[in-house]
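The residues of the chain are indexed from 1 along the displayed sequence.
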Amino acid sequence: MFFRSLRFRLTAWYTLTIVVVLAASGCIWYRQLSGSLLKQIDRRLLKLTEESPALLQGFSEPQGCGVFCDFVRRHRQGHFYRLIDASGRQLCSECNSIGNAPPVDLKILQEAAGKGPILHTTSNKRGPYPMRFLTLPLDLGDRETVFLQVGTGLGIVHEPLHELRTLLLVFSPLAFLAVAILGWFLAGRTLAPVESLTRAMRRINVDNLSQRLPVRSSGDELARLADTFNAMLGRLEESFRKIKQFSGDASHELRTPLTILKGETEVALRWAKTPDEFRKMLMSGMEEIDRMSRVIEDLLLLAKSEGGEKPLTIKEMSLSDLLQELYLQGRSLAQPKAIELMLHPNVTEEIRILADKMRLRQVFLNLIANAVNYTPENGRVEISLSVDDEKDEAIVKVSDTGIGIPAEHLPHIFDRFYRVDRARNREDGGTGLGLAIVDSFVKAHGGRVEVFSVPGEGSVFTVYLPRKGPRMHSENNESSS
């Protein structure tokens, strides 16, 4: 568990990254220092090429080696000096330096005669470090070419490098340990808010979904994470609230007919004597059974629609013809209450849209049935059709002169089982799911439902439907074409 923790992994990656960076930078520093020191030695040796004419001028005198030694003392740039001919025979050397002289390499002499001054490194069997040599050809006029060789030990290069190597090997493990400790501390400080969020999340359950996580004012990723989680908690809380409300309303709606059915059955068993009495009780029981069946069917319809089990069958249809059919059906509903039902097709041509005809039939039939149910006798219900060309929408309005809806109830009338107090009577025969079905199907078509109502004067339900169908259907058609 410890090795799988995010803190350990962050520390390990941090330490590994620092180790790699320090190792790479140490190698670069080592190579850079080595090259820089070697270049300094080479520049010192190559400076003799600028001063060699003084040696040539003096060497033409009879005592050449004396002039050579004076030249070396004036222009000392190395530890070893000698003057040799093309065959490798030594002509002159600085006092006390010949003992450390490496053997003459004739190939170096030939290369220097052809190319000019040559710098090369040779091993030194008599010393701890190699030697860096400059082989410089000197033209003595009509005599043969001689070569000036100047060498210096590479101790001034290897000794600093050795000290640097020792420093890296000794102090690097200590640096890595310090980095690991610092990384562990920084990872702990960085993850402290995560631990705080984790503890707060563990305290939240179904019983206290109203709690929220503390949000830092830094505005960093953890603050955005807390904001996102709080938003998710808000959605969950709302979902649980609706589920509880739905469960309570559903149990209430089903308990009432079950209680009536049970009571009437008990009365029939105890008191009914004649076939007519039994028939009356059975008919009342059938009404309650029908009521429960409608509630259950509407619940299943909503559940399947919202769960995507009953996708819309989008086809081109005539909205004008559908409203004409529903108008004729609505007249039979309005006739017993002497309600005047009117259809106003405020268009000059047939309106065709992409939609699921069966679902829209349920939508408008529910709206017409509600308007008739909540309109007193001799009232009026109107159905109108229009088109918004700018938004390419079909607009259907169902208005009535009924009891109206108080303003405080309007935001909730599309909730399941939500009823205005006056509507909670069983004579209307509603299940409390009609408007929820209307809202669900209209939104599935990419449309919306709006309601305007004045208590005692009536209500107006307006349905807006995109003529090209739901957005996903339109996008699929465009991509396929």
Please enumerate all residues that pass side chain to side chain contact (heavy atoms under 4.5 Å, CB included) together with [X], with sequence neighbours excluded.
X      : result
Ala112 : Ile118, Thr135, Pro137, Phe147
Leu365 : Leu326, Gln329
Phe176 : Val19, Leu22, Ser172
Leu177 : Ile181

Can you list everything that forms a salt bridge (charged side-chain N to carboxylate O under 4.0 Å, His left out) with [X]? Sequence neighbours excluded, please.
X      : result
Arg89  : Asp85
Glu316 : Arg352
Asp227 : none

Over all atoms of both residues, closest heavy-atom pair of [X] and [Y]:
X      : Y      : value
Met131 : Gly151 : CE-C, 3.8 Å
Trp184 : Thr11  : CA-OG1, 3.3 Å
Ala180 : Thr15  : CA-OG1, 3.4 Å

Legend entry - Counterpart residues, ring pair (Phe, Tyr, Trp, His ring centres under 6.0 Å), relative to His120 (two or more places apart):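 Here the qualifying residues are Phe133.
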Legend entry - Within 6.0 angstrom of Phe452 CZ, more than 12 heavy atoms from elsewhere: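 Open: at most 12 neighbouring heavy atoms sit under 6.0 Å from CZ of Phe452.
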Legend entry - Pair Arg43-Gln40, side-chain donor/acceptor within less than 3.5 Å: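 No, no side-chain donor-acceptor contact under 3.5 Å.
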Inset, instruction - Go through the side-chain N and O atoms of Glu350 and Ser318 and say whether any donor and acceptor fall under 3.5 Å apart. - result: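 Indeed, the side chains of Glu350 and Ser318 share at least one donor-acceptor pair under 3.5 Å.
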Heavy atoms, side chains only, cut-off 4.5 Å: are [X] and [Y] in contact?
X      : Y      : value
Phe364 : Val463 : yes
Val150 : Thr152 : no
Met317 : Ile353 : yes
Leu83  : Tyr81  : no
His409 : His412 : no
Leu37  : Leu33  : yes
Asn230 : Leu233 : yes
Leu109 : Ile84  : yes

Which value, rounded to the nearest 0.5 Å, describes the distance between [X] atom [atom1] and [Y] atom [atom2]?
X      : Y      : atom1 : atom2 : answer
Arg165 : Glu163 : CZ    : CD    : 10.5 Å
Leu367 : Ser459 : CG    : OG    : 11.0 Å
Ile383 : Leu385 : CD1   : CG    : 10.5 Å
Arg202 : Ile204 : CZ    : CD1   : 12.5 Å

Legend entry - Residues forming a side-chain hydrogen bond (donor to acceptor under 3.5 Å, both in side chains) with Ser384, sequence neighbours excluded: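 Per chain and number, Ser384 pairs via side-chain hydrogen bond (donor to acceptor under 3.5 Å, both in side chains) with no residue.
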Inset, instruction - Could you tell me which residues satisfy side-chain hydrogen bond (donor to acceptor under 3.5 Å, both in side chains) with Arg31, sequence neighbours excluded, listed by chain and number? - result: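 Per chain and number, Arg31 pairs via side-chain hydrogen bond (donor to acceptor under 3.5 Å, both in side chains) with no residue.
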Could you tell me whether a side-chain N or O of [X] sits under 3.5 Å from a main-chain N or O of [Y], the two making a donor and an acceptor?
X      : Y      : answer
Ser36  : Gln32  : no
Ser320 : Ile351 : yes
Thr166 : His162 : yes

Legend entry - Qualifying salt bridge (charged side-chain N to carboxylate O under 4.0 Å, His left out) pairs, either residue in residues 104-121, two or more places apart: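 Every pair satisfying salt bridge (charged side-chain N to carboxylate O under 4.0 Å, His left out) with a residue in residues 104-121: Glu111-Lys115.
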Below 3.5 Å, can you tabulate the donor-acceptor pairs from side chains in residues 386-394 to any protein atom, sequence neighbours excluded?
unit_1	atom_1	unit_2	atom_2	d
Asp388	OD1	Glu390	N	3.1
Asp388	OD1	Lys391	N	3.4
Glu393	OE2	Arg448	NH1	3.1

Inset, instruction - Check the pair Leu465 / Leu360 against side-chain contact (heavy atoms from CB on, under 4.5 Å), numbers first and verdict last. - result: CA-CA 10 Å; Leu465 293 171; Leu360 288 188; 3.9 Å; yes
Inset, instruction - Go through Leu154 and Leu38 one step at a time and tell me if the side-chain contact (heavy atoms from CB on, under 4.5 Å) criterion holds. - result: CA-CA 8 Å; Leu154 291 181; Leu38 191 61; 4.0 Å; yes
